[in-house]
Amino acid sequence: MSRESEDPNDEQYHIELREEDIAGPVLLPGDPERTDIVADLWDDAEELASHREYRTLAGKYGGEPIAVTSTGIGSPSAAIAVEELARVGADTFVRVGSCGAIQPGIDIGDLVITTGAVRQEGTSDEYVREDYPASAHGEVVTALVTAAERLGHEYHIGVTCSTDSFYAGQSRPGFDGFRAAGAEARIQELREAGVLNFEMEASAILTLANLYGLRAGVVCTVYANRVTGEFRTEGQREAAETASLAAALLTKMDRTKAAAGVDRWHAGLSLDDQ
């Protein structure tokens with residue numbers, strides 16, 4: 001893509017999208033290859049752009065418009081995706097990721113739906129003070145829980161910890177057995193606080209969405225359990241399916257709200273007839 005201006009608002013340099021490209025919620029996996037796992041579940045899909053770690057497809061799921069953009073690994077690149085997608089009109093985001101559970105009783109392949117995130121990453125600190133909460137939007141959480149229930153997928157709901165490091169930041173040993181200062185105390189403190197899992201993007205996505213008045217939520221499949229020591233790459237399809245159905249439900253929620261003349265979806269509004 002050629003550029004005539006340094007202003008990132010003139011062209012979306014990283015994602016290479018235009019306003020007319022995006023309709024409906026955008027799912028945000030990290031791995032570009034995971035976009036195919038997501039889009040293979042849809043009614044139809046078309047690749048719109050692929051640049052660096054950002055690959056975007058758009059289509060329909062359950063007859064509703066939907067898109068998916070990969071973000072790469074970590075909060076810095078995820079924040080770029082949210083920034084530029086918001087500039088082309090996206091207003092609802094669902095991170096579809098993988099994670100490591102830090103509590104017993106969470107099995108490999110289970111889903112974790114995030115209600116809020118510990119901001120143990122530096123990207124969101126550059127936007128707002130460190131005690132600002134990284135909270136998931138209530139409508140997105142509701143849609144994800146509804147989707148997981150309808151699909152019969154095992155899930156857990158609660159607080160996530162987002163880190164900048166897969167190794168030291170998540171209390172894993174580094175090269176040659178290196179241990180970061182306070183690593184064991186850090187993971188124990190999070191366990192005792194009831195935090196469910198580690199991953200690397202949720203808190204930045206949630207923080208930016210809240211700052212910009214957008215909707216965002218997170219569903220991750222569990223690849224590792226730090227209590228049992230297990231690690232298997234299972235459940236990608238279940239997370240993608242849950243996020244895709246949740247996106248369709250969110251669009252139906254919006255129609256329900258509009259018909260009722262209200263700004264927020266609530267439990268008194270039914271989705272059964274939508």
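Numbering of residues begins at 1 and proceeds along the displayed sequence.
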Colleague: Would you find a donor on one side and an acceptor on the other, under 3.5 Å apart, between the side chain of Asn225 and the backbone of Ile106?
Modeller: yes

Colleague: Counting only heavy atoms not in Arg18, do more than 12 fall under 6.0 Å of its CZ?
Modeller: no

Colleague: Establish, for the pair Arg215 and Phe93, whether the NZ or CZ atom is under 6.0 angstrom from the six-membered ring centre and no further than 45 degrees off its axis.
Modeller: no

Colleague: Side chain of Thr115, backbone of Gly158: donor and acceptor closer than 3.5 Å?
Modeller: yes

Colleague: Heavy atoms, side chains only, cut-off 4.5 Å: are Ile187 and Ile102 in contact?
Modeller: yes

Colleague: Is it true that atom CD1 of Ile73 has more than 12 heavy atoms of other residues, nucleotides or ligands lying nearer than 6.0 Å?
Modeller: no

Colleague: Do side-chain atoms of Asn210 reach the backbone of Thr207 as a donor and acceptor pair under 3.5 angstrom?
Modeller: no

Colleague: Looking only at heavy atoms, which two atoms of Val112 and Cys99 are closest? And how far apart?
Modeller: CG2-SG, 4.3 Å

Colleague: Side chains of Gln236 and Arg34: do they bring a donor and an acceptor to under 3.5 Å?
Modeller: yes

Colleague: Go through the steps to decide whether Glu149 and Tyr155 satisfy the test side-chain hydrogen bond (donor to acceptor under 3.5 Å, both in side chains), and finish with yes or no.
Modeller: CA-CA 9 Å; Glu149 288 280 352; Tyr155 70 92; 2.5 Å; yes

Colleague: Is the shortest heavy-atom distance from the side chain of Leu28 to the side chain of Ile205 under 4.5 Å?
Modeller: yes

Colleague: Would Tyr13 and Glu84 satisfy side-chain hydrogen bond (donor to acceptor under 3.5 Å, both in side chains), going step by step from the backbone distance to the final call?
Modeller: CA-CA 8 Å; Tyr13 168 65; Glu84 296 191 3; over 6 Å; no

Colleague: Would you say Asp44's side chain and Gly59's backbone share a donor-acceptor pair under 3.5 angstrom?
Modeller: no

Colleague: CD/Glu241 to CG/Leu111 distance, rounded to the nearest 0.5 angstrom?
Modeller: 9.5 Å

Colleague: Once rounded to the nearest 0.5 Å, what's the spacing between atom NE2 of His14 and atom CD of Glu53?
Modeller: 7.5 Å

Colleague: Are any non-hydrogen side-chain atoms of Thr114 and Val159 less than 4.5 angstrom apart?
Modeller: no

Colleague: Verify whether one side chain among Trp42 and Ser244 offers a donor that lies under 3.5 Å from an acceptor in the other.
Modeller: yes

Colleague: Would you indicate whether the side-chain heavy atoms of Leu17 and Ile22 approach each other to under 4.5 Å?
Modeller: yes

Colleague: Does some side-chain heavy atom of Ile157 sit less than 4.5 Å from a side-chain heavy atom of Leu144?
Modeller: no

Colleague: Can you check whether Ala183's main-chain N or O pairs, donor with acceptor, with Ser171's side chain at less than 3.5 Å?
Modeller: yes

Colleague: Can you check whether Ile108 reaches Phe231 side chain to side chain, under 4.5 Å on heavy atoms?
Modeller: no

Colleague: According to a 4.5 Å side-chain heavy-atom criterion applied to Ile, Leu, Val, Met, Phe, Trp and Tyr, with indirect links allowed, do Val141 and Leu27 form part of one hydrophobic cluster?
Modeller: yes

Colleague: Are the side chain of Glu199 and the backbone of Ala202 linked by a donor-acceptor contact shorter than 3.5 Å?
Modeller: yes

Colleague: Between the main-chain N or O of Glu16 and the side-chain N or O of His51, is there a donor-acceptor pair closer than 3.5 Å?
Modeller: no

Colleague: Checking the side chain of Gln120 only, and the main-chain atoms of Gly169 only, is there a donor and an acceptor separated by less than 3.5 Å?
Modeller: yes

Colleague: Is there a side-chain contact between Val94 and Val218 in this structure, where contact means two heavy atoms from C-beta onward sitting under 4.5 Å apart?
Modeller: no

Colleague: Using a 6.0 Å cut-off, check whether atom NZ of Lys257 has over 12 heavy atoms from anything other than its own residue.
Modeller: yes

Colleague: Given side chains that start at C-beta, do those of Leu206 and Arg119 come closer than 4.5 Å, heavy atoms only?
Modeller: no

Colleague: Verify whether one side chain among Ser162 and Glu121 offers a donor that lies under 3.5 Å from an acceptor in the other.
Modeller: no

Colleague: Are Glu192 and Gln188 linked by a side-chain donor-acceptor pair shorter than 3.5 Å?
Modeller: yes

Colleague: Do Asp31 and Ser70 have a side chain donor and acceptor closer than 3.5 Å?
Modeller: no

Colleague: How far apart are the closest heavy atoms of Leu214 and His137, and which atoms are they?
Modeller: O-CD2, 4.2 Å

Colleague: To the nearest 0.5 Å, what is the distance between OG1 on Thr256 and NE2 on His266?
Modeller: 10.0 Å

Colleague: Just by distance, do the side chain of Asp110 and the backbone of Asp107 share a donor-acceptor pair under 3.5 Å?
Modeller: yes

Colleague: Provide the closest heavy-atom pair for Pro65 versus Thr251 in the form atom of the first, atom of the second, distance.
Modeller: O-OG1, 4.5 Å

Colleague: Treat each ILVMFWY residue as a node, draw an edge where side-chain heavy atoms are under 4.5 Å apart, and state whether Val140 and Tyr61 are in one component.
Modeller: yes

Colleague: Can you check whether Thr71's main-chain N or O pairs, donor with acceptor, with Ser77's side chain at less than 3.5 Å?
Modeller: yes

